[in-house]
Amino acid sequence: MDITVERRWKRDGYTIGILYVNGKRFGNGKRYCSTLEDIDRGLSSDMAVGDIFKIKVHGQTAIPTGRYEVRMTYSPRFKRQLPLLVDVPAYEGVRIHSGNTAADTEGCILVGENTERGKVLNSRYWLGLLLGKMNEALARKEKIHITVK
């Protein structure tokens, strides 16, 4: 399974993107899923970790663009199984989870509907849909990857 986050709207304080699953915009037929991240500071997974640390503002910087493996693991913070992005340079514990504003993320990717400026709404609904797709892929023994661009 391939997930893509296409960062589209880079604003002061947050970044809004569009979520794709296997090349198609992820939706329920009526609405589509957006993402919300911290500020995109132009980081790339090709950069040296030291260079990333020079630019990164802890808790206020979106992860570097790149392709990452995703594993379902238990999150002690959320007390449930959630997607974990593996080997994100200069970051630890990057997950896909619910939330509404950049204050709800510290480098993680939030999912929901971007119907209000600077926010994603109905986040738990969209996370549930995405987790269902991911669990189906895992049941088929597929690996899951995410590309952030």
Side-chain angles (χ1 to χ4, degrees), residues 1-27 32-114 118-120 123-149:
M1 177 176 177
D2 287 307
I3 300 169
T4 302
V5 172
E6 182 183 307
R7 293 178 177 161
R8 296 285 299 270
W9 298 278
K10 301 172 184 180
R11 302 291 189 256
D12 186 29
Y14 63 91
T15 303
I16 299 290
I18 298 172
L19 186 85
Y20 297 86
V21 174
N22 295 327
K24 295 181 182 174
R25 192 159 179 191
F26 185 61
Y32 293 96
C33 185
S34 296
T35 60
L36 187 141
E37 299 176 81
D38 285 318
I39 300 168
D40 181 347
R41 300 182 194 276
L43 302 178
S44 166
S45 60
D46 295 334
M47 296 171 69
V49 172
D51 292 337
I52 292 172
F53 275 121
K54 288 177 187 175
I55 297 168
K56 177 182 171 182
V57 177
H58 180 76
Q60 298 178 24
T61 305
I63 64 170
T65 58
R67 181 175 163 86
Y68 305 102
E69 182 181 349
V70 178
R71 295 183 189 152
M72 292 296 287
T73 65
Y74 182 78
S75 166
R77 177 179 174 196
F78 294 100
K79 298 183 178 13
R80 64 182 291 198
Q81 295 283 323
L82 286 173
L84 175 71
L85 280 66
V86 178
D87 295 330
V88 179
Y91 286 76
E92 289 184 26
V94 176
R95 294 192 181 270
I96 300 171
H97 63 83
S98 60
N100 302 115
T101 69
D104 299 327
T105 179
E106 291 187 4
C108 294
I109 300 170
L110 308 181
V111 293
E113 296 172 28
N114 178 229
K119 295 183 178 182
V120 289
S123 189
R124 289 183 182 152
Y125 169 80
W126 287 103
L127 179 63
L129 284 183
L130 184 59
L131 291 177
K133 285 280 189 196
M134 294 174 85
N135 286 327
E136 289 172 9
L138 291 171
R140 293 189 302 268
K141 307 274 193 249
E142 289 181 31
K143 286 196 173 203
I144 301 172
H145 289 91
I146 187 166
T147 301
V148 179
K149 55 184 182 174

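Start at 1 with the first residue, then count along the sequence.
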Checklist entry - Cationic tip of Lys119 within the cone over Tyr14's six-membered ring, i.e. under 6.0 Å and within 45° of the normal? => result no
A side-chain contact here means heavy atoms from C-beta on lying under 4.5 Å apart; do [X] and [Y] qualify?
X      : Y      : result
Met72  : Leu82  : no
Lys143 : Leu138 : no
Tyr91  : Leu43  : yes
Val5   : Ile146 : yes
Lys79  : Tyr74  : yes
Phe26  : Val21  : yes
Pro83  : Met134 : yes
Arg95  : Thr73  : yes

Item to check | side-chain contact (heavy atoms from CB on, under 4.5 Å) between Glu106 and His58, intermediate numbers included | outcome: CA-CA 7 Å; Glu106 291 187 4; His58 180 76; 4.1 Å; yes
Item to check | Test log, rule side-chain contact (heavy atoms from CB on, under 4.5 Å), inputs Arg80 and Leu131 | outcome: CA-CA 12 Å; Arg80 64 182 291 198; Leu131 291 177; 3.2 Å; yes
If you look at every heavy atom in [X] and [Y], which pair is closest and at what distance?
X      : Y      : result
Asn22  : Met1   : OD1-CA, 3.5 Å
Tyr32  : Glu113 : O-CG, 4.3 Å
Pro89  : Val49  : CB-CG2, 4.1 Å
Ala102 : Gly13  : CB-O, 3.3 Å
Ser45  : Gly66  : OG-CA, 3.5 Å
Ser44  : Ile52  : O-CD1, 3.8 Å

I need the [X] [atom1] to [Y] [atom2] distance, nearest 0.5 Å.
X      : Y      : atom1 : atom2 : value
Leu130 : Leu19  : CG    : CG    : 6.0 Å
Asp51  : Lys56  : CG    : NZ    : 14.0 Å
Thr4   : Lys24  : OG1   : NZ    : 13.5 Å
Cys33  : Leu127 : SG    : CG    : 9.0 Å
Asp104 : Asp38  : CG    : CG    : 10.0 Å
Lys133 : Ile144 : NZ    : CD1   : 12.0 Å

Whether [X] side chain and [Y] backbone form a donor-acceptor pair below 3.5 Å:
X      : Y      : answer
Asn100 : Val120 : yes
Thr35  : Ile109 : no
Arg41  : Gln60  : yes
Glu6   : Gly17  : no
Ser123 : Gly99  : yes

Item to check | Heavy atoms of other groups near Arg71 CZ, more than 12 under 6.0 Å | outcome: no
Item to check | Test salt bridge (Lys or Arg N to Asp or Glu O under 4.0 Å) applied to Arg67 and Asp2, Asp46, Asp87, the passing residue | outcome: Asp2
Checklist entry - Does the pair Thr15 and Arg7 meet the rule for a side-chain hydrogen bond (donor to acceptor under 3.5 Å, both in side chains), with working shown? => result CA-CA 7 Å; Thr15 303; Arg7 293 178 177 161; 5.6 Å; no
Item to check | Centroid separation Phe78 to His97 less than 6.0 Å | outcome: yes
Checklist entry - Going through the distances and angles, do Leu36 and Asn114 end up as a side-chain contact (heavy atoms from CB on, under 4.5 Å)? => result CA-CA 8 Å; Leu36 187 141; Asn114 178 229; 5.9 Å; no
Checklist entry - Can you list the steps and then say if Tyr68 with His145 is a side-chain contact (heavy atoms from CB on, under 4.5 Å)? => result CA-CA 6 Å; Tyr68 305 102; His145 289 91; over 6 Å; no
